[in-house]
A.B. asks: 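I'd like to ask some things about the structure below.
Chain A is the first sequence line, chain B the second, and so forth, proteins listed ahead of strands; every chain is numbered from 1. All of these numbers come straight from a predicted model, not from anything done at the bench.
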Protein chains: 2
Amino acid sequence: MNDLDDEIPEPADFGPLSGTVSYGIKRAYLRVIRDLEASLSPLGFTPPLLAALSIVAATPGIAPARLAAAMGHGRSRAAPLLDHLEGQGLLERRAGPDRRSIGLHATAQGRTALRRLKPVVAEHEARITASLSPAEAGALPVLLERLAPDNWAGRESS
Amino acid sequence: MNDLDDEIPEPADFGPLSGTVSYGIKRAYLRVIRDLEASLSPLGFTPPLLAALSIVAATPGIAPARLAAAMGHGRSRAAPLLDHLEGQGLLERRAGPDRRSIGLHATAQGRTALRRLKPVVAEHEARITASLSPAEAGALPVLLERLAPDNWAGRESS
DNA sequence: TATTGTTATACTCTATAACTATA
DNA sequence: TATAGTTATAGAGTATAACAATA
């Protein structure tokens, strides 16, 4: 507008977080989560609901505590998610190996929902990786897995 | 424990989000943000406070709305952050080019705090990239910048 | 005494809209 | 009428602690 603009220096180095992995991850997360939320919202899903149902469908009989751990949360985070999914008939809480344990199972309706969601997630993924070359888009999940391994498989010595 | 364990299938493919950039970013974000919070907490900082002070220090005179945009948020997110930082004497709100505008400036105390924070952030960064080779640790910020460009520099045509 | 699922609680983050002052 | 900063409000996400039932 006027010469006062000149008082704002050129972008250079804004200290501790300039160019860090940390800050890059944060920016990427904000972009990704917003796009995914917008993609899932018309179908009545949120990212955590999708993650929970996906993991249960792929791991019939998984316990709530283990599901929460796989998602990177504490035990108590599972209950409201499961209440919501069970209330919509997408999964069931059945008896587990213990009488104090519970086994989670996706219903036929839940599996159908996942099939419907799959292309939506694929489009989301294509959208966020559009600015990357195919090689880069392939390399990124590998780097991220090294940075923060998926503890879902996490079968301890047990 | 017993044969019931066999009912839980091997980890294979848990549907829509298996191996996606999206899910990898989410896992990485959770790990990074928790480590950074734990690192900054003893010094009375949080990740958003550090980001705000860093950007102000590197861009004297920046307006609150532009600071918020640089951090990927709406205008209203800036006020409580600035209240907190100003209350601790780390930055000042001064008159801007307009009488309705405000220019933000880090105080000497604020710049000192950033100097103290710098090694803490460097240690955090080293910790989260410890499982990556130097080449990978160098490549990751570039990929993330391509995925979600930093809009801080964002000098529009204006 | 430890573990599982759940509930209660509080706190943070975030988005939206409304309000005031200025342009 | 539009813009800048702020305030108010509400909602979602998360963590901690505490509870009841079972091992």
Side-chain angles (χ1 to χ4, degrees), chain A residues 1-2 4 26-27 29-38 40-41 44-52 56 61-87 91-104 156 158, chain B residues 1-2 4 26-27 29-38 40-41 44-52 56 61-87 91-104 156 158:
Chain A
M1 295 292 193
N2 57 31
L4 285 170
K26 154 114 192 198
R27 270 186 285 113
Y29 173 73
L30 283 179
R31 184 182 165 203
V32 164
I33 198 71
R34 280 169 185 162
D35 186 282
L36 186 57
E37 274 167 0
L40 296 178
S41 167
F45 267 81
T46 65
L49 287 173
L50 169 62
V56 170
I62 190 173
R66 204 163 152 210
L67 169 65
M71 295 177 64
H73 304 298
R75 274 167 305 168
S76 66
R77 184 89 179 78
L81 254 28
L82 296 176
D83 287 346
H84 187 269
L85 291 169
E86 192 173 35
L91 63 74
E92 289 173 352
R93 290 188 241 227
R94 297 192 199 148
D98 257 21
R99 270 180 56 197
R100 69 182 170 184
S101 296
I102 281 184
L104 301 169
E156 321 77 312
S158 133
Chain B
M1 294 296 192
N2 57 32
L4 285 170
K26 154 115 193 198
R27 269 185 286 113
Y29 172 73
L30 282 179
R31 183 182 165 202
V32 164
I33 198 71
R34 280 167 184 165
D35 187 282
L36 186 57
E37 274 167 1
L40 296 178
S41 165
F45 268 80
T46 64
L49 288 173
L50 169 62
V56 170
I62 190 173
R66 203 163 154 214
L67 170 64
M71 295 177 65
H73 304 299
R75 274 169 303 167
S76 66
R77 185 88 178 80
L81 254 26
L82 296 176
D83 287 346
H84 187 268
L85 291 170
E86 192 172 35
L91 61 76
E92 289 172 351
R93 289 188 244 227
R94 297 192 199 148
D98 257 23
R99 271 182 55 200
R100 68 184 170 182
S101 295
I102 282 184
L104 301 168
E156 322 76 315
S158 130

A.B. asks: Any chance you could list the contact pattern along nucleotides 18-23 of chain C? Use B for base contacts, S for sugar-phosphate-only contacts and - for none, protein heavy atoms under 4.0 Å, 5' to 3'.
C.D. replies: ----BS
A.B. asks: Take the protein atom CE of B:M71 and the nucleotide atom C1' of C:dT12, then report the distance between them rounded to whole Å.
C.D. replies: 14 Å
A.B. asks: Whole Å only: how far is the CG atom of B:L104 from the P atom of D:dT6?
C.D. replies: 8 Å
A.B. asks: Using every non-hydrogen atom in the two residues, find where A:V56 and A:L91 come nearest and quote the distance to one decimal.
C.D. replies: CG2-CD2, 4.3 Å
A.B. asks: Please find the pair of heavy atoms, one from B:F45 and one from B:L85, that lie closest to each other, and give the distance.
C.D. replies: CE2-CD2, 4.3 Å
A.B. asks: With sequence neighbours excluded, what pairs up with B:R100 under the side chain to side chain donor-acceptor pair (under 3.5 Å) test?
C.D. replies: B:D98
A.B. asks: Between atom CD1 in A:I33 and atom P in C:dT14, what is the gap in whole Å?
C.D. replies: 11 Å
A.B. asks: Taking the side chain as every heavy atom from C-beta outward, state whether B:E92 and B:L104 have any atom pair closer than 4.5 Å.
C.D. replies: no
A.B. asks: Let me know the distance between NE2 of A:H84 and P of C:dT6, rounded to the nearest Å.
C.D. replies: 16 Å
A.B. asks: Write down the atom of B:L30, the atom of A:H73, and the distance for their closest heavy-atom approach.
C.D. replies: CD1-CE1, 4.2 Å
A.B. asks: Starting from P on C:dG5, measure out to CG on A:L67 and report it in whole angstrom.
C.D. replies: 10 Å
A.B. asks: Within this structure, what is the CG-to-P distance between A:D83 and C:dG5, rounded to whole angstrom?
C.D. replies: 13 Å
A.B. asks: Hey, could you give me the CE/CG distance between B:M71 and B:L81, rounded to the nearest 0.5 Å?
C.D. replies: 5.0 Å
A.B. asks: Would you compute the distance between atom CG of B:L50 and atom CD of B:E37 and round it to the nearest 0.5 angstrom?
C.D. replies: 12.0 Å
A.B. asks: Give B:A65 one of three labels, base, sugar-phosphate or nothing, depending on what nucleic acid heavy atoms sit under 4.0 Å from its own.
C.D. replies: sugar-phosphate
A.B. asks: Could you state the atom-to-atom distance from CD1 of A:I102 to P of C:dT7 in whole Å?
C.D. replies: 10 Å
A.B. asks: Polar-atom pairs under 3.5 Å, protein N or O versus N or O of nucleotides 12-15 of chain D: list them with distances, or write none.
C.D. replies:
from   : atom 1 : to    : atom 2 : distance (Å)
D:dT14 : OP2    : A:R77 : NE     : 3.0
D:dT14 : OP2    : A:R77 : NH2    : 2.9
D:dA15 : OP1    : B:R34 : NE     : 3.1
D:dA15 : OP1    : B:R34 : NH2    : 2.7

A.B. asks: At what distance, to the nearest 0.5 angstrom, does CZ of B:R77 lie from CG of B:L67?
C.D. replies: 10.5 Å
A.B. asks: Out of curiosity, A:I102 CD1 to A:L82 CG, how far, rounded to the nearest 0.5 Å?
C.D. replies: 8.5 Å
